[in-house]
Amino acid sequence: MLQNKEFQLGVCYYPEHWPENMWENDFKRMKEMGFSIVRMAEFAWSIFEPNEGEFSFEFFDRVIDICNKYGLKVVLGTPTATPPAWLTHKYPEVLNASQEGINYQHGQRRHYNYNSSIYKDLSARIVKEMVTHYKDHPAVVGWQIDNELNCETDVFYSEADHRSFRTWVKEKYQTLKELNNAWGTVFWSQTYTDWEQVFLPRKTVSDSPNPHQALDEKRFISDSAISFAGVQQKIIKELAPHQWVTTNGIFGHIDNHQMTSNLLDFIAYDSYPNFGNVITDDTPNPLLDRRWSWNLSVVRSISPTFAVFEQQSGGGGWVNRLLQPAPKPGQMRLWTYQSIAHGADRILYFRWRTATMGTEIYWHGINDYHNQPNRRVKEAEQIGKELKRIGDRLVCSKYRAEVAIVKDYDNEWDGELDKWHGSFEKKSLQAWFKAFQYSHIPADALYIHNTTSLDELLKYKILVYPHPTILPETRAELLKEYVRQGGKIIFGCRSGYKNINGQCYMLPFPGPIGDLCGITIEDYTLIGPKEEAPVIELENQKANGLNDEIKANDFNEIINPYSSDAEVLARFKGSFYSGKPALVKNTYGQGEAYYFGGVFNEELTNQLVDRLEIHSPVDWIKLPKAIEISIREHPENGEKFIFLLNFSNEKQTIEIRKTVHELITNSELSGEVSISSYGVFILKVS
Ligand code: GAL
């Protein structure tokens, strides 16, 4: 694995959009701003291969030589996200198609499919040509495969995809009998009697495909994307083993963990936190752009230290969609440190200058169309200066968390179609992440895989696994062992009732974790849209002056605690199950398992954080809600950096109960200290 030892700051640059006489001045200014790396070429196939089999490198040679002159390193994108017109015109079978079978045409990007053998061959050829040409260029340090696999669309229905899916299921199930069992095709007479009858889910009445087939569809898409990227990775690694390989993302229907561990040196993320300021969120105290700290936590679960290849530097918007306001003064800097706080060691802004043509004329870069100094250029200069001084000290330090929110791809993908758990997952995850954020408790994301080890779980004091609906026996065993050895785990409703194919177990809920939780589920119900949701009454809360009644929205499971080690912590009030257990704690081995028969909301997660005595690991700083705390630590020498990020547009006061060194201002802080709107502190603790 090729890792950098120096912090790198840089920018995405599209020389093909600008007159050649601007290049030199652009690179010179980048250098002066403290940038050291530039990404380019990821959409430039028609420049490298203007006609089939005719390759041309003069254009990018000139660009990259100027970068080299200014000491700027270059990461090259392979251009396969944008097949040229000659290619799709001559080989229409490379196009992706809608579920109705209508091809997506030239005019946008990502209109190809992963399974066309012609596209794989033509992609392999352009990548081979590029790598052969640039493998020894002193400026070129690494490669980005394609651009944002599965962005724009994450479903594929071309002829080639249907055919490959057939091969994929054949390999997976071997016999039609196995396939029919796994997909439960006896239901509604869907039984297959010939492999030729098998397709990816096509248009069905009321858009309700076979759910088990729909789950396999996502697994297949992930395998297809990884295999497509794998062809390119192999070429790069064979020809240029000294240059690193990554891809940027991250998007749906790809097991990014598997892809990264099989193919990449590290993952690169494209971070646009301003989306958090425009997406609908009707929960109290929404996290807004701070919500991206969860996305960054997921990225960190893929690569503990990672790159950001597109860090938002301006307001967003395509001509027809994705409309966003401009970042406020200070927000671009705040979001840069948000990425660093979560593990980024290499950050490139999107983009150097706002494009004057095409779909993205409103997706603003650091420079405006006019190319005159502006406030974003000034902000980038400030960040460049700061990171030049302190960046290298942070590199390779690792984020520290004592709690983790657990996820897995099976449930993520099954929950897309299955509304009986998918939407709950999002609500509960948000409620837990917000409780941790506002209580200043750094939290990791942890994706459970077949290869996840007990040691990986034992790193955490507490795991929250809100709704593991699909829960195979082996995964349940791993969780049990974690608790046996002293871990604490928290589940919500809809846990443990499906097998790996998404079929229901003929077992009392919560299936294979029933004994871990010391319970069975006696009865359950969805809360109908016209029904008043019951509340749960928490024991002892009133005595402590806390609200003892919390709404139990969406779904209720009535718990029957059968173990003598199970303790009822809350009961339902309302509906036909008034007085029945709603939240149970079970002592199991050295640890504890909590089961809540509902969907988590913030009121409950806040109270559980208190009840489980989950505290901020930094007890000598008092912080207001608006400040996020993150900790990075060097594994070798224990040197720690505490990041304090002010996400509000107002100055905040914090209290530091000792004297500490602040890295950015290079000063000592203690007592009551104010942090400006969108301000950042990095406290160094040895
Ligand atoms: C990313 C993409 C970039 C650019 C940016 C802004 O998804 O990789 O090429 O499109 O968004 O829309």
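Start at 1 and go down the list; that is how both ligands and their atoms are numbered. Worth knowing before you read on, the calculation uses all heavy atoms, side chains too, and leaves out hydrogens, waters and symmetry mates.
A donor-acceptor distance shorter than 3.5 angstrom exists from the side chain of Gln233 to the backbone of Leu263, with no hydrogens or angles considered. Remark: the backbone N or O of Ser123 is not paired with any side-chain donor or acceptor of Gln232 at under 3.5 angstrom.
For Trp18 and Tyr14, the ring centers are positioned 6.0 Å apart or more.
Relative ring orientation between Phe55 and Phe57 is described as parallel, the plane-to-plane angle staying below 30° on a 0-90° scale split at 30° and 60°.
Under 3.5 Å, the side chains of His137 and Asp65 contain a donor-acceptor pair of N or O atoms.
A cation-pi arrangement is not found for Arg62 relative to Trp23, the charged atom failing to lie both closer than 6.0 Å to the ring centre and inside a 45° cone about the ring normal.
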For each nitrogen or oxygen atom of ligand 1, which protein N/O atoms lie closer than 3.5 Å, and how far apart are they, rounded to 0.1 Å?
{"from": "ligand 1", "atom 1": "7 (O)", "to": "Glu148", "atom 2": "OE1", "distance (Å)": "2.3"}
{"from": "ligand 1", "atom 1": "7 (O)", "to": "Glu148", "atom 2": "OE2", "distance (Å)": "2.9"}
{"from": "ligand 1", "atom 1": "8 (O)", "to": "Asn147", "atom 2": "ND2", "distance (Å)": "2.9"}
{"from": "ligand 1", "atom 1": "8 (O)", "to": "Glu148", "atom 2": "OE1", "distance (Å)": "3.1"}
{"from": "ligand 1", "atom 1": "8 (O)", "to": "Glu148", "atom 2": "OE2", "distance (Å)": "3.2"}
{"from": "ligand 1", "atom 1": "8 (O)", "to": "Glu310", "atom 2": "OE1", "distance (Å)": "3.1"}
{"from": "ligand 1", "atom 1": "8 (O)", "to": "Glu310", "atom 2": "OE2", "distance (Å)": "2.7"}
{"from": "ligand 1", "atom 1": "9 (O)", "to": "Arg109", "atom 2": "NH1", "distance (Å)": "2.9"}
{"from": "ligand 1", "atom 1": "10 (O)", "to": "Arg109", "atom 2": "NH1", "distance (Å)": "3.2"}
{"from": "ligand 1", "atom 1": "10 (O)", "to": "Arg109", "atom 2": "NH2", "distance (Å)": "2.8"}
{"from": "ligand 1", "atom 1": "10 (O)", "to": "Glu360", "atom 2": "OE1", "distance (Å)": "3.2"}
{"from": "ligand 1", "atom 1": "10 (O)", "to": "Glu360", "atom 2": "OE2", "distance (Å)": "2.4"}
{"from": "ligand 1", "atom 1": "12 (O)", "to": "Trp318", "atom 2": "NE1", "distance (Å)": "3.2"}
{"from": "ligand 1", "atom 1": "12 (O)", "to": "Glu360", "atom 2": "OE2", "distance (Å)": "2.6"}

